[in-house]
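Working notes, beginning with the structure itself.
Just so we're on the same page: letters track the sequence lines, and every chain starts at 1.
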Protein chains: 2
Amino acid sequence: MKTRDKILLSSLELFNEQGERNVTTNHIAAHLAISPGNLYYHFRNKSDIIYELFQEYEKLVDFYLDIPEGRSMTLADMMFYLESVFDGLWNYRFFHRDLEYLLDRDPRLRSDYRDFTDRCLAAISRIFEKQEDAGIIEPQPESLRKAMSLNVWLVITNWMAFLKTAHAEKTSASLTIHELKQGIYQVLTIEVPYLTPAYREQVMVLREQYRPTMPEPLPGEAVSLTDAGNSDVSGVS
Amino acid sequence: MKTRDKILLSSLELFNEQGERNVTTNHIAAHLAISPGNLYYHFRNKSDIIYELFQEYEKLVDFYLDIPEGRSMTLADMMFYLESVFDGLWNYRFFHRDLEYLLDRDPRLRSDYRDFTDRCLAAISRIFEKQEDAGIIEPQPESLRKAMSLNVWLVITNWMAFLKTAHAEKTSASLTIHELKQGIYQVLTIEVPYLTPAYREQVMVLREQYRPTMPEPLPGEAVSLTDAGNSDVSGVS
DNA sequence: GACTATCTAGAGTATATACTCTAATAATAC
DNA sequence: GTATTATTAGAGTATATACTCTAGATAGTC
């Protein structure tokens with residue numbers, strides 16, 4: 001493999017593991033057992049490495065979210081979108097972690113990311129539309145669909161940050177893709193009230209497969225497992 | 001005002017404006033026209049300043065989210081919670097911006113923040129319950145209420161990051177509290193499908209007041225305003 | 001084999017940043 | 001007034017980090 005590609009690969013790996021902020025160009029070079037001079041021969045600066053990684057990420061997600069217009073949407077399609085997006089998120093997870101700082105440092109990135117967000121929001125919206133057409137969810141006004149899409153985006157892009165901040169003991173490194181994909185449960189939660197009777201059960205079953213195995217404990221709820229047989233779900237205490 | 005308090009105040013101000021990452025202890029001292037030595041006389045290190053600011057924030061939000069159990073919940077209560085929480089978010093907005101980094105650097109903060117999150121999630125869940133009791137929203141199973149609460153939390157804590165990253169030109173400083181509070185629109189969106197007929201209209205009107213004046217433009221949607229009179233809201237294109 | 005373009009090493013630099021240390025000044029107590 | 005304590009100044013330090021520069025190695029071409 002070319003040195004240039006090795007630099008990109010190692011950077012991605014180190015950024016994902018330790019956060020961009022904690023990985024210096026010297027670290028990257030040391031990790032590859034090459035000299036800093038060598039690294040800077042291939043990249044003008046650190047920003048250029050990050051920018052190139054972003055472009056890979058962008059290309060990946062754009063590919064995943066290319067909604068075919070010829071046929072109607074199935075549940076399998078929907079789950080594929082979700083799985084794919086979370087895979088992308090996982091492979092370039094450093095990016096959303098330090099997003100604001102990165103955008104502040106690189107105007108190209110800020111501008112590209114803005115467009116990227118717009119494309120993703122449009123794709124999510126389109127997915128909702130096609131689910132309506134397919135009779136998976138009830139049709140909704142454009143404005144509501146738009147607001148829902150934005151909420152979906154917020155959940156997707158920030159689920160990882162939640163996981164990393166919500167675990168007191170665990171350090172950032174110990175996150176697994178399995179845990180990350182529990183975000184799919186949260187995304188599907190948004191869709192739950194709109195499901196048509198015809199699809200409701202199927203989607204609920206699919207959703208259940210992503211339910212966090214160890215749910216975030218709300219105080220006073222440590223008994224939820226032993227309470228499993230209790231049918232009092234009226235919610236009135 | 002005591003020097004110590006001035007340090008806290010200035011730190012908060014500078015952190016909010018420029019991000020914790022971009023504000024050094026030397027900057028803070030210079031801003032106050034005091035010496036670094038003076039600053040370090042009052043605080044052992046930068047982390048201690050941040051930790052103390054977090055405790056203020058925590059106290060504030062805990063105060064806002066103290067749900068009175070004696071009486072049933074009104075719409076006014078609900079809007080007060082939302083307004084208050086977003087006010088708190090605004091006043092300590094530096095915190096969520098660099099959250100992961102801050103938690104990585106200070107174990108006290110990580111642990112406290114974890115508990116803080118749990119308390120907030122419990123409070124949100126309780127607010128949903130009391131809305132069910134008050135007949136504002138339809139009763140839902142415990143598990144769904146929990147997932148909804150988590151989504152609400154994700155939207156609230158990450159709405160600001162979205163605003164700052166979604167505007168290509170604007171730099172971070174130009175965010176206003178008015179824009180921030182448009183996040184209330186997004187939070188209420190989660191609740192929309194669960195509203196009871198008795199309250200639906202009222203809540204929709206309230207929600208509308210927070211609708212972004214310049215909505216995030218989804219590509220090909222620049223006509224949404226001129227389309228306002230069009231009653232085709234079936235969502236089926 | 002000579003020439004050229006590509007690649008690499010590694011010492012070095014400019015700047016930043018969190019923090020320290022000593023000495024001086026102000027406030028308070030008696 | 002004097003002793004003690006609290007506060008402040010400001011020069012200084014250790015460390016880190018993004019990046020540079022020069023010289024040498026390697027590979028491809030004729």
Please state how far atom [atom1] in [X] lies from atom [atom2] in [N], giving the value in whole angstrom units.
X: Asn22(A); N: dA18(D); atom1: CG; atom2: P; result: 11 Å
X: Leu32(B); N: dA9(D); atom1: CG; atom2: P; result: 10 Å
X: Tyr40(B); N: dT13(D); atom1: OH; atom2: P; result: 17 Å
X: Lys2(A); N: dT26(D); atom1: NZ; atom2: C1'; result: 13 Å
X: Asp48(A); N: dA18(D); atom1: CG; atom2: P; result: 14 Å
X: Lys6(A); N: dT8(C); atom1: NZ; atom2: P; result: 8 Å
X: Lys46(A); N: dC19(D); atom1: NZ; atom2: C1'; result: 12 Å
X: Leu39(B); N: dG10(D); atom1: CG; atom2: P; result: 15 Å

Do the side chains of Arg126(B) and Asp66(B) get close enough for a salt bridge, i.e. N-O under 4.0 angstrom?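 Result for this pair is no, no salt bridge flagged.
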Any Lys/Arg nitrogen of Glu20(A) or Arg105(A) sitting under 4.0 Å from an Asp/Glu carboxylate oxygen of the other?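 Looking at Arg105(A) together with Glu20(A), the answer is no, because their closest N to O distance does not fall below 4.0 Å.
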Candidate list Phe162(B), Tyr57(B), Trp159(B), Phe116(B), test ring pair (Phe, Tyr, Trp, His ring centres under 6.0 Å), partner His96(B), passing option: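 It is Tyr57(B), the one option of Phe162(B), Tyr57(B), Trp159(B), Phe116(B) that forms the ring pair (Phe, Tyr, Trp, His ring centres under 6.0 Å) with His96(B).
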Measure from the side-chain N and O atoms of Glu100(B) to the backbone N and O of Thr165(A), and report whether any donor-acceptor pair falls under 3.5 Å.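 Side chain of Glu100(B) to backbone of Thr165(A): no pair is present.
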I want to confirm an ordering. Mapping His42(B) and Ser47(A) to their closest nucleotides on DNA chain D, which one lands closer to the 5' end?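 With His42(B) and Ser47(A) compared, the 5'-side residue is His42(B).
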What does Ala29(A) touch in the nucleic acid at a heavy-atom separation under 4.0 angstrom: a base, only the sugar-phosphate, or nothing?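 No contact.
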Whether Ser35(B) contacts dA9(D) is assessed here as follows: a side-chain N or O lying under 4.0 Å from the phosphate OP1 or OP2. Is that the case?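 Yes, Ser35(B) has a side-chain N/O under 4.0 Å of OP1/OP2 on dA9(D).
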Taking 4.0 Å as the cut-off, does a side-chain nitrogen or oxygen of Asn38(B) come that near to OP1 or OP2 on dA9(D)?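 Yes, within the criterion.
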